[in-house]
Amino acid sequence: MKFLVLALCIAAASCDLVPLVDDQAILIRSSWDEVKHNEVDILYAIFKANPDIQARFPQFAGKDLDSIKTTGQFAVHAGRIVGVFSEISALQPDESGISAAKTLINALGASHRGRGISKAQFNEFRASLITYLSQNVSWGDNVAQAWEKGFNNVYFILFNALDGTPI
Ligand code: HEM
Ligand SMILES: *[C@@H]1O[C@H](CO)[C@@H](O)[C@H](O)[C@H]1NC(C)=O
């Protein structure tokens, strides 16, 4: 039976997308809204915890993080990167919203595939963002579970694109 489910999953290619239930989309959006304007602080926290991620950015590699944090270039990059979560969380969890999210995430996967960014680095990014959120928004088991499921869905699409086999 387990095998059958697995086989169906491979055939459907999207069975790892687990629909959000009840108020999970609202929980993600409302918690994100608490920090979505802290783009610079968020990218700073991610770089601080993961120097290997900072090192992949040609314009920031090898530079002192506290010095670059206050630059316009850092703000522009932070706005672009962190802004993706604002775009996704603003979408409705319905057919058209999911389709729009797929388009956006597939483009993200393709551009980062071109840069050779690994899944391990994306997982580090995810862990640091969750740490930031857990300490800076009103957090609880329900909010944590909503983010876990949302991230699983986003990363399922992302990692397929990163492998060069977008769904
Ligand atoms: C979910 C996590 C991430 C999001 C939402 C994100 C988002 C973005 C966006 C929107 C851009 C600009 C447009 C594009 O090229 O697609 C970008 C560029 C870039 N990203 Fe990411 N990214 C993520 C994770 C990472 C990770 C983990 C790394 C490295 C380890 C990385 C490295 C880069 C680099 C090097 C650029 C090019 C910067 C430049 O313009 O020179 N990204 N990212
Ligand atoms: C919470 O936010 C503050 C201000 O943006 C930041 O200094 C701190 O590092 C954040 N917490 C975590 C765990 O990232």
Side-chain angles (χ1 to χ4, degrees), residues 16-18 20 24-25 28-91 93 97-141 143-144 146-167:
D16 276 344
L17 289 176
V18 182
L20 299 174
Q24 285 182 319
I28 291 173
R29 193 179 311 145
S30 59
S31 56
W32 180 247
D33 283 351
E34 293 178 51
V35 293
K36 68 179 175 187
H37 297 302
N38 303 353
E39 294 103 333
V40 165
D41 279 338
I42 292 172
L43 190 61
Y44 175 87
I46 291 168
F47 280 4
K48 183 98 182 162
N50 309 283
D52 64 299
I53 294 183
Q54 182 184 331
R56 296 304 304 267
F57 286 77
Q59 59 283 79
F60 303 133
K63 295 189 179 160
D64 174 62
L65 183 55
D66 287 291
S67 308
I68 58 173
K69 188 190 181 193
T70 52
T71 65
Q73 212 182 23
F74 194 86
V76 168
H77 270 76
R80 271 195 207 125
I81 295 167
V82 178
V84 170
F85 292 91
S86 298
E87 286 181 66
I88 296 174
S89 74
L91 295 168
I98 291 167
S99 159
K102 268 192 185 168
T103 303
L104 201 159
I105 298 160
N106 277 331
L108 195 68
S111 68
H112 288 69
R113 171 177 164 81
R115 297 186 179 103
I117 307 301
S118 70
K119 292 177 192 173
Q121 285 181 307
F122 271 103
N123 284 333
E124 289 171 355
F125 184 109
R126 171 180 177 163
S128 296
L129 183 57
I130 293 295
T131 302
Y132 183 94
L133 290 169
S134 67
Q135 300 191 6
N136 283 291
V137 305
S138 42
W139 195 249
D141 286 351
V143 183
W147 273 94
E148 171 81 8
K149 209 192 251 188
F151 250 125
N152 284 346
N153 286 340
V154 168
Y155 271 40
F156 179 70
I157 300 167
L158 183 71
F159 284 1
N160 275 289
L162 211 56
D163 283 339
T165 52
I167 58 162

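Quick note: numbers below take in every heavy atom, side chains included, and nothing from hydrogens, waters or symmetry partners. As the structure lists them, so they are numbered: ligands from 1, and atoms in each ligand from 1.
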- Task: List every atom of ligand 1 that sits less than 4.0 Å from any heavy atom of Q121, numbering the atoms from 1 in the order shown and giving each element.
- Result: 27 (C), 30 (C)
- Residues two or more places apart in sequence or in another chain: which of them pass side chain to side chain donor-acceptor pair (under 3.5 Å) with H77? Q59
- Task: Give the atoms of ligand 1, by number and element, whose distance to some non-hydrogen atom of Q59 is under 4.0 Å.
- Result: 39 (C), 40 (O), 41 (O)
- Between F122, F47, F60, which one has a non-hydrogen atom sitting closest to atom 23 (C) of ligand 1? F122
- Message: If we check side chain to side chain contact (heavy atoms under 4.5 Å, CB included) with L104, which of these qualifies: V154, I88, I157?
- Response: I88
- Message: To check your reading of the model: name the closest protein heavy atom to atom 35 (C) of ligand 1, its residue, and the distance in Å.
- Response: R56 O, 3.2 Å
- Considering only NZ, NE, NH1 and NH2 on the basic side and carboxylate oxygens on the acidic side, decide whether D33 and K36 come within less than 4.0 Å. yes
- Taking only heavy atoms of H77 into account, list the atoms of ligand 1 that are under 4.0 Å away from them. 38 (C), 39 (C), 40 (O), 41 (O)
- Query: Is the CG atom of D141 crowded by more than 12 outside heavy atoms at less than 6.0 Å?
  - Reply: no
- Under 4.0 Å from a heavy atom of V84: give me the atoms of ligand 1 that qualify, with their elements. 5 (C), 10 (C)
- Message: Considering atom 21 (Fe) of ligand 1, could you give the total of protein N/O/S atoms lying closer than 2.8 Å?
- Response: 1
- Less than 4.0 Å between a side-chain N and a carboxylate O, is that true for D41 and K69? yes
- Message: Below a 4.0 angstrom heavy-atom separation, can you tell me which part of E124, side chain or backbone, both or neither, approaches ligand 1?
- Response: neither
- Message: Could you work out, with side chain to side chain donor-acceptor pair (under 3.5 Å) as the rule, every residue matching S86, not counting sequence neighbours?
- Response: W32
- Could you give me the CA-CA distance, side-chain angles and deciding distance for L20 and K149, then say whether side chain to side chain contact (heavy atoms under 4.5 Å, CB included) is met? CA-CA 7 Å; L20 299 174; K149 209 192 251 188; 3.9 Å; yes
- Using a strict cut-off of 4.0 Å, indicate which atoms of ligand 1 neighbour a heavy atom of Y155. 1 (C)
- Query: E39 side chain to A75 main-chain N or O, any donor-acceptor pair under 3.5 Å?
  - Reply: no
- Would you say R80 has any N or O atom under 3.5 Å from an N or O of ligand 1, going by distance alone? no
- Is a donor on one side and an acceptor on the other found under 3.5 Å between the side chain of E34 and the backbone of S138? yes
- Query: Would you say the side chains of D52 and Q121 form a donor-acceptor pair under 3.5 Å?
  - Reply: yes
- Query: Taking S128 for the side chain and F125 for the main chain, is one N or O donor matched with an acceptor at less than 3.5 Å?
  - Reply: no
- Specify whether F57 and F47 have parallel, tilted or perpendicular ring planes, treating 30° as the upper limit for parallel and 60° as the lower limit for perpendicular. tilted
- Query: By number and element, which atoms of ligand 1 are closer than 4.0 Å to a non-hydrogen atom of F85?
  - Reply: 1 (C), 5 (C)
- What residue and heavy atom of the protein are closest to atom 33 (C) of ligand 1, and at what distance? F57 CZ, 3.2 Å
- Message: Quiz question for you: does at least one protein heavy atom lie closer than 4.0 Å to atom 7 (C) of ligand 1?
- Response: yes
- Within the distance-only criterion (no hydrogens, no angle test), does the side chain of T71 pair as donor or acceptor with the backbone N or O of S67 below 3.5 angstrom? no
N/O contact list for ligand 2, threshold under 3.5 Å:
unit_1	atom_1	unit_2	atom_2	d
ligand 2	2 (O)	N136	OD1	2.6
ligand 2	2 (O)	N136	ND2	2.6
ligand 2	5 (O)	D41	OD2	2.9
ligand 2	5 (O)	Y132	OH	3.0
ligand 2	11 (N)	N136	ND2	2.9

- Query: Would F151 and F122 satisfy ring-ring contact (aromatic ring centres under 6.0 Å, His included), going step by step from the backbone distance to the final call?
  - Reply: CA-CA 11 Å; F151 250 125; F122 271 103; over 10 Å; no
- Task: Flag the pair W147 / I130 as yes when at least one side-chain heavy-atom distance between them is below 4.5 Å, and no otherwise.
- Result: yes
